[in-house]
J.: 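Right, I'll just put the structure down here and ask away after.
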Amino acid sequence: MRKVAIVGIGHTIFGNLSKFDLVDIMSFASANALDDADIRKDRKIIEQVFVANMGGGILNHQTGIASSLVSRIDLEPAMAELVENGPASGASAIKVGFAAIASGMVDVVMITGGELMRTVTGWQGTDFVATLLHPEAEYNYELTLPAFGGMFARMYMERYGLKEEELAMVAVKDHENGAKNPYAHVQIPCTMEGIYGSENAHIVNNLIADPLRLYGMCPVSDGAASLILCAVDSPKMKYFKKKEPIMISGIGSATDTHCVHHRKDPLELKAVRLGAEKAYAMAGLTPKDISFAELHDPFIILELAISEEVGFWGRGKSKEAIAKGVTRIDGKLPINTSGGLKAKGHPVGATGVSQVFELTKQLRGEAEKGRQVKSPKHGLAVNFGGFGNNVVTIICSKE
Amino acid sequence: MIVDELEKKLRPPEMELKPYPPKVIILTSGEKMVVREVKREETGVLLETIYPLMGVMEDFYDIVAVRMYSEVLGWYRYRVANEFIIVGAIDDVIAGIVTSRCVDENIGMSLHTLTVKRGLRIGAQLFAAKMEHHLEFLDQKEVWIVAESPIGFRRWMIEYGLKNAGDCYPEIHHELGGVPTHILTKEIYDAVRDEKVTGTRPVDPEVLATADTLKAPDEYPQIPGFKRSKS
């Protein structure tokens, strides 16, 4: 299998971009990646574009998005396809792009993920995401992803003794990172007193899906992110001299039952564990080798549960890591250095690409002041689709 | 000020309104926001705060700012009856403003809510304070409300579960533009109060002093690059 490097990265700010259309924002991120890779003039060396998007058809009444993007940024006659895998669309598109290069089919690929969710109301957005649930066994009972997040959190708290205060500590840590990330949707730090300790906290940090509060949930965001990948053995690597190439060293994905109630233990995120194991095996690494991680946390409880499933510590032990500051930016294993979905935002199709954008930025040493991990070697990203029924893990490494 | 006879005829009859007791809210950022009624002599800083937002089309800031400017000016010049204005201030700087008035002793007419500092649900807290004043301190029976932006509609009509009085037009109609009027009854308010209204009273004098001299913000998240000149 050929080695594949990330040679260009691009990103829009996440937030309310509803004055633009979906392909506009994807174009912004793609152009940003072309500039980062220094191939704007030579952009036609890109042979294939994979677009990650979940809701263009439903939210924006737009299909054929991949070919539209290629045309908008003048990349014809590059091949173009859409990858849809729910909120894990971004990492799935990276996986497909990786495979296209590793197989020898192409040398240079662009992957752009984007979502425009704020063109509809909040509850319509929640309803749209809920279309990934089982239509009869879940959706018809008006279950939503926040509802699953709440139930999961409650069960986890009862089993492992996690306290609301400890959940709030995760949010404070994520917002501290998000406040320093110029691409984050919410660049405002929060404090323990503000979201948990004060007598006003129960209202300013209001309940959304018991026990999860406003600061336990990601915002609804628009945004896009883009990567350019190249085969390391390709002569086309000569175009990419401006920035340090970052290697995709491991990719793994797995699925679990569509219905959560079909799982023996709803707290066991089997697809996360299996996907991570495959990625570690491919990279020849173990959890101990990972310098930092971006973990899919639309509900902060998932940052804790996923950190356990990928083997950073045992089940129910993440609260100790949080309490000791292990996952802070200056800790032993920083998690969600970008602010995570919690503070950075979660434009679903863009999220997986944005996570790998962050891994690349950190590994290059380009993160903003105050949120650069010290001398990272390997970063891990988990992009979580459905309620854990389709999960992709990616490990990136310095060469 | 000498009020001549003609000016007296131009002024509306006024009810005596009880004052709104100040409170402090700790925001999620940890900042302390003092919520208090403004005094007439503070009109200048209110207008100064509102003015730059008149040109911001996004999220309907323009229409809200223009209307609120006239409401504040109307209050200052005695052209609106029974109006009150509440601000939220963080370290003296105005973070949001709400305007409202009483039609009579039973009915309140909510005018506008304008948030300058965003992302901390300041608008939601100030709107709640306005309702608190109408229904608790002024002891009114109901407040008539309209929304001029989708954010307002979500925050008030949906989150409070307001009663839609659109079918009762023209008997019940809000003063702003004839769009469907919604009503916050005392019953609805009592049902949602504990989820919507917060704030600590009495306010520590030292904290209250942080809102003594109101200042207009130097920057606006709605207007990238805006810097207030220090003349």
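Proteins come first, then strands; the chains are lettered A, B, ... in the order of their sequence lines, and each starts at number 1.
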J.: Is chain B contacted by the side chain of A:His175, its backbone, both, or neither, given a heavy-atom distance below 4.5 Å?
T.: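 Neither part.
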J.: Of the backbone (N, CA, C, O) and the side chain (C-beta and beyond), which part of A:Ile195 lies under 4.5 Å from a heavy atom of chain B, both, or neither?
T.: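 Both parts, backbone and side chain.
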J.: Measure distances from A:Leu207 to the heavy atoms of chain B and classify the residue's part below 4.5 Å as side chain, backbone, both or neither.
T.: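 Neither part; nothing is under 4.5 Å.
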J.: Establish, yes or no, whether a centroid distance under 6.0 Å links the rings of A:His346 and A:Phe299.
T.: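 No, ring centres 6.0 Å or more apart.
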J.: Under 4.5 Å from any heavy atom of chain A, what part of B:Ile122 do you find: side chain, backbone, both or neither?
T.: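 Contact with chain A is absent: no heavy atom of B:Ile122 under 4.5 Å.
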J.: Check this for me, if you would: do B:Glu71 and B:Arg101 make a salt bridge, where the nitrogen-to-carboxylate-oxygen distance has to be below 4.0 angstrom?
T.: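 Looking at B:Glu71 and B:Arg101, the cut-off is not met.
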J.: I need the residue from B:Thr200, B:Ile26, B:Asp194 with the largest number of non-hydrogen atom pairs under 4.5 Å to chain A.
T.: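 So the answer, after comparing B:Thr200, B:Ile26, B:Asp194, is B:Ile26.
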J.: Verify whether one side chain among A:Glu358 and A:Tyr183 offers a donor that lies under 3.5 Å from an acceptor in the other.
T.: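 There is no such pair between these side chains.
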J.: Can you tell me which of A:Val204, A:Thr191, A:Asn206, A:Asn200 forms the most heavy-atom pairs within a distance under 4.5 Å of chain B?
T.: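 The residue among A:Val204, A:Thr191, A:Asn206, A:Asn200 with the greatest pair count is A:Asn200.
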J.: Which atoms of A:Tyr215 come close to chain B, meaning under 4.5 Å heavy atom to heavy atom: side chain ones, backbone ones, both, or neither?
T.: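 The side chain, not the backbone.
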J.: Hey, what's the ring geometry for B:Phe137 with B:His133, parallel, tilted or perpendicular (30° and 60° as the breaks)?
T.: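 Rings of B:Phe137 and B:His133: tilted, 30 to 60°.
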J.: Side chain, backbone, both or neither: which part of B:Lys196 has a heavy atom under 4.5 Å from chain A?
T.: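 Interface part for B:Lys196: backbone (N, CA, C, O).
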J.: Charged N to carboxylate O below 4.0 Å: is that the case for A:Arg118 and B:Glu58?
T.: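 So A:Arg118 does not pair with B:Glu58 through a salt bridge.
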J.: Name the region of B:Gln125, side chain, backbone, both or neither, that has any atom closer than 4.5 Å to a heavy atom of chain A.
T.: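 Only the side chain of B:Gln125 comes within 4.5 Å of chain A.
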J.: Taking atom types as modelled, find out whether B:Thr185 and B:Lys163 have a side-chain donor-acceptor pair closer than 3.5 angstrom.
T.: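 There is no such pair (donor and acceptor under 3.5 Å, judged by atom type) between the side chains of B:Thr185 and B:Lys163.
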J.: Please tell me whether A:His296 and A:Gln355 have a donor and an acceptor in their side chains that are separated by less than 3.5 angstrom.
T.: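 Their side chains do not contain a donor-acceptor pair, so the 3.5 Å distance test is not met.
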J.: Tell me, for B:Glu31 versus chain A, whether the close heavy atoms (under 4.5 Å) come from the side chain, the backbone, both or neither.
T.: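 For B:Glu31, no heavy atom lies under 4.5 Å from chain A.
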